[in-house]
Number of protein chains: 2
Amino acid sequence: MTEEDIRNEIELLARQARAASYQLSQLSTEEKNTILVAMAEGIRAAAPVLMAANAEDLKAAVEKGLSGAMVDRLRLDEKRIEAMAVGIAEVAELPDPVGEVMESWSRPNGLRLEQVRVPIGTIGIIYESRPNVTSDAAVLCLKTGNATILRGGSEAIHSNRAIAEVLTRAGEAAGLPSHAIQLIPFTDRSSVSALCSMDKWLDVIIPRGGRGLIETVVAQARMPVIKHYDGICHTFVDQAADPDMGVAITVNAKTHKPGVCNALETLLVHASIAESFLPKVAAALQEKGVELRGCERTQAFIECAPATEDDWSTEYLDLILSVKVVDSLDEAIAHINTYGSHHSDCIVTQDGAAAAKFLSAVDSACVFHNASTRFADGGEFGFGAEIGISTEKLHARGPMGLRELTSYQYRIHGEGQVR
Amino acid sequence: MTEEDIRNEIELLARQARAASYQLSQLSTEEKNTILVAMAEGIRAAAPVLMAANAEDLKAAVEKGLSGAMVDRLRLDEKRIEAMAVGIAEVAELPDPVGEVMESWSRPNGLRLEQVRVPIGTIGIIYESRPNVTSDAAVLCLKTGNATILRGGSEAIHSNRAIAEVLTRAGEAAGLPSHAIQLIPFTDRSSVSALCSMDKWLDVIIPRGGRGLIETVVAQARMPVIKHYDGICHTFVDQAADPDMGVAITVNAKTHKPGVCNALETLLVHASIAESFLPKVAAALQEKGVELRGCERTQAFIECAPATEDDWSTEYLDLILSVKVVDSLDEAIAHINTYGSHHSDCIVTQDGAAAAKFLSAVDSACVFHNASTRFADGGEFGFGAEIGISTEKLHARGPMGLRELTSYQYRIHGEGQVR
């Protein structure tokens, strides 16, 4: 396909998505839930078809020499297909934010105003490898009345096509409008650029993948992009901390699941407790196999490798922790605002005033007092589902559930008022 | 200055803005209001200085041969300076959205979560000609704890510099952090590009000006842009409309202030009342000097010029109105969603079901039942102040007041919880 062919094809999909979005916005919650339940059943019934398509991707992956971990992420087995179906059925059970009256008020001239949640409209999702994202993203967008255009990675193209086809066929039999869920059926790189230029038809793009993918989309997109960048998360153990709590939270945030964005990357310790606290926390961390990289002052209290300037802005996603001794709450806050990624940061302290200051001065999506940063998660927040954790400050910040996939509209009721 | 010099200079401003934003976020409402009151007094006291600076801009404008209307928009006289001061003092009186707890809830594990309004952080404002925007934008951002970088047009550079200097000097004497309000002191075109690349330091850019300016910013910006595009607003007079109300709303929306974005541009009339309604509304509009451009069916009922396909997507901003006869509510909705700009649209009807359908199916920021689209305005909504009317669907849609200049943060309170 030439670049122009690709552009024309993507524009067609985008126009169709816009048209579908107007039908989707008019579906009732019951109608959407009926469609979702049918989709879950469709996925379940199609397990053999999905596994056959997936086998083609797995074969290509092995031929291309992808790592064992990569091949495993691609794999669809009966358990994973069942999990996909259960996930869809769970979304049907969640409350629908569309139609909620966020605020209503009247004006002295008698006008009655309502601010009402409505679907965003059309959402582009660009993602890598794991085929379950095709289903997860499509159903969250559907529940909130949005049309989706999905652009998955080339490694999973057969699986993605099969999943999208099953969702569409099962959904349409239950009332899903045509073109509500569209997968770009090819994976040429220029399809990303083409998608990024469709601001007339696409309201937002959500890239789900590594920094490289997000940067590419940000550089090209003319519409808003909801970014899910790194988590360089901190825990500050204050002078008024309960040391055992400090150890427990540090160990949990670092070692519970080191490869995720809400895992701890840098520990800050108040100088006045460093001598007693550092050996204690170091022993607990080293027992879990964590490699420590400390500032000069840290090295005076515990055995560890020296931290370089780069360590303060590194997301290890591994059993490595940088450690710094700071002289004050203010220094901790300044360090976090300078080197962090504004994702999730924690203070451990029994001093309520210090906690209040930390929470309001740290410029991060989630700020914790005496709790592990691992709780920065839509599920843990009680959202029921999560499309990602936004590091944006506009529209949605932090864990994004269904509500964050909506916009709003002002509805104004009059009896003939003019100015 | 070379492009590199400009870039370096803008990066310095952007870094300083970020640092200032952390101080601004910690100011109390009282502290911010004290600063605002001092700024209002500063502007009032500096009237002669401001008029002297403005005289330089006016001289250059006349030499450049700008139109009388353009020169008038640039002009600062005592009345306009007093209006600027009053505007600042009024912002001091408005409620401060920062710190508001939007939602709070607890989880079964005892974690207590709060979603709290916080400043966005740093805001770039790029605007054209009118120097009062320097003050209006800066004080709305200040009230909401945001640092601003202002980039005004070259025609008003002397006035803008003088206003920014007065605001800064008066503000700093009352506790304003350094670099909270920074005007780019030069107007090279490449300063816009440089600003658009500062996504590490600038959280959002708000362009205030024509479509050309917005398009330039959208094409270059790596951070979110809040767009204020055209208003191609519609009024649909339904078969169940009160005809007198239809005439009154149409005339008001078209003629009250034709040059603004919430003015009416296209009138849609239900076929079943066209024969009686069109002559009535045409007479009232023609009396006000409005030129009518009608579809073929319209031309059968009234004397008017023929409308071309282009007319349906034209924002006249003038005493011109396109008129179309439609066969149904659905056709009206489809026309508006296809040709409109998703800004403000109205249905005139006594039929509640038709109104409800119109309000929920028309994909616009503001949808009106039996009231003029001229009410799509932050002041008319009761917001007290307005930074613009967003045609975005993300973050802020429709009239933007102080609340729309904030983001939020999740604050999570625990007693040592880990996962």
Side-chain angles (χ1 to χ4, degrees), chain A residues 21-22 25-26 99 105 107 111 113 118 120-121 199 203-204 218-219 222 224-226 242 245 248-249 251-253 256 337 355 359-361 363-372 374-376 380-382 392-395 397-399 407-419, chain B residues 21-22 25-26 99 105 107 111 113 118 120-121 199 203-204 218-219 222 224-226 242 245 248-249 251-253 256 337 355 359-361 363-372 374-376 380-382 392-395 397-399 407-419:
Chain A
S21 77
Y22 292 140
S25 76
Q26 300 304 300
W105 70 102
R107 297 288 302 155
L111 286 182
L113 290 92
V118 299
I120 289 175
D199 52 328
D203 292 313
V204 60
V218 166
R222 293 174 56 89
V225 177
I226 297 180
D242 169 340
M245 191 192 286
I249 287 176
V251 169
N252 180 262
H256 182 253
N337 283 341
L359 296 190
S360 98
D363 179 27
S364 296
C366 304
V367 282
F368 292 85
H369 175 209
N370 290 346
S372 169
R374 286 282 294 123
F375 289 108
E380 294 295 328
F381 274 28
E392 284 294 314
K393 283 186 179 171
L394 265 64
H395 186 67
R397 193 178 191 199
S407 178
Y408 59 79
Q409 176 182 60
Y410 291 105
R411 298 186 184 161
I412 302 104
H413 308 271
E415 301 93 28
Q417 283 88 340
V418 296
R419 280 180 79 178
Chain B
S21 77
Y22 292 140
S25 77
Q26 300 305 300
W105 69 101
R107 297 289 300 154
L111 285 182
L113 290 92
V118 300
I120 289 176
D199 52 328
D203 293 312
V204 59
V218 165
R222 293 175 54 90
V225 177
I226 297 180
D242 170 339
M245 191 192 286
I249 287 176
V251 170
N252 181 261
H256 182 253
N337 283 341
L359 296 189
S360 98
D363 180 27
S364 297
C366 304
V367 280
F368 292 85
H369 175 208
N370 290 346
S372 168
R374 286 281 296 123
F375 288 108
E380 293 296 326
F381 274 28
E392 284 295 315
K393 281 186 181 173
L394 265 65
H395 186 68
R397 194 177 192 199
S407 177
Y408 59 80
Q409 177 183 59
Y410 291 105
R411 298 186 183 161
I412 302 105
H413 308 272
E415 302 91 30
Q417 283 88 337
V418 298
R419 279 180 80 177

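Computed from a predicted structure; not experimentally measured. In what follows, chains are A, B, ... by sequence order, proteins preceding strands, each numbered from 1.
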Task: Non-neighbouring partners of B:F381 that pass ring-ring contact (aromatic ring centres under 6.0 Å, His included), sequence neighbours left out - done: A:Y410, B:F383

Task: Engaged part of A:A365 at the chain B interface, taking heavy atoms whose separation is under 4.5 Å - done: backbone

- [ ] Evaluate the side-chain contact (heavy atoms from CB on, under 4.5 Å) criterion for residues A:H413 and B:L359: first the C-alpha distance (whole Å), next the side-chain angles of each, then the deciding distance (0.1 Å), finally the verdict.
- [x] CA-CA 10 Å; A:H413 308 271; B:L359 296 189; 3.4 Å; yes

Open item on the list: So for A:S364, is it side chain, backbone, both, or neither that comes closer than 4.5 Å to the heavy atoms of chain B?
Closed with: backbone

TODO: Check each atom of A:E392 against the heavy atoms of chain B and say whether the ones under 4.5 Å are side chain, backbone, both or neither.
DONE: side chain

Task: Part of A:F375 lying under 4.5 Å from any heavy atom of chain B - done: both

Task: Engaged part of A:L111 at the chain B interface, taking heavy atoms whose separation is under 4.5 Å - done: side chain

TODO: Output yes when a side-chain donor or acceptor of B:R374 lies under 3.5 Å from a complementary backbone atom of A:R419, and no otherwise.
DONE: no

- [ ] Specify which of A:H369, A:Q409, A:E415 makes the most heavy-atom pairs with chain B at under 4.5 Å.
- [x] A:Q409

Task: Minimum-distance pair of heavy atoms, taken over all atoms of A:S25 and B:S360 - done: OG-O, 4.5 Å

Task: Pick from A:V251, A:D242, A:N337, A:D363 with the largest number of heavy-atom pairs that fall under 4.5 Å of chain B - done: A:N337

Open item on the list: With a 4.5 angstrom heavy-atom cut-off, is it the side chain or the backbone of A:R107 that approaches chain B, or both, or neither?
Closed with: side chain

Open item on the list: Given heavy-atom pairs under 4.5 angstrom as the criterion, report whether the side chain, backbone, both or neither of A:N370 touches chain B.
Closed with: both

Open item on the list: For A:R397, is there any backbone N or O sitting under 3.5 Å from a side-chain donor or acceptor partner on B:Y408?
Closed with: yes

Task: Which atoms of A:I249 approach chain B - backbone, side chain, both or neither, heavy atom under 4.5 Å - done: both

TODO: Go through the steps for A:V418 and B:H256 under the test side-chain contact (heavy atoms from CB on, under 4.5 Å), then give the verdict.
DONE: CA-CA 9 Å; A:V418 296; B:H256 182 253; over 6 Å; no

Open item on the list: If I measure from the heavy atoms of chain B, does A:Q26 come under 4.5 Å with its side chain, its backbone, both, or neither?
Closed with: side chain

Open item on the list: Looking only at heavy atoms and a cut-off of under 4.5 Å, which of A:V118, A:V204, A:V225, A:D203 has the most pairs with chain B?
Closed with: A:D203

Task: Donor-acceptor under 3.5 Å (B:R222 side chain, A:V218 main chain) - done: no

TODO: Please report the shortest heavy-atom distance between A:G414 and B:A371, naming the atom on each side.
DONE: CA-CB, 4.3 Å

- [ ] Considering only heavy atoms and a distance below 4.5 Å, find which of B:A361, B:A248, B:A253 pairs most often with chain A.
- [x] B:A361

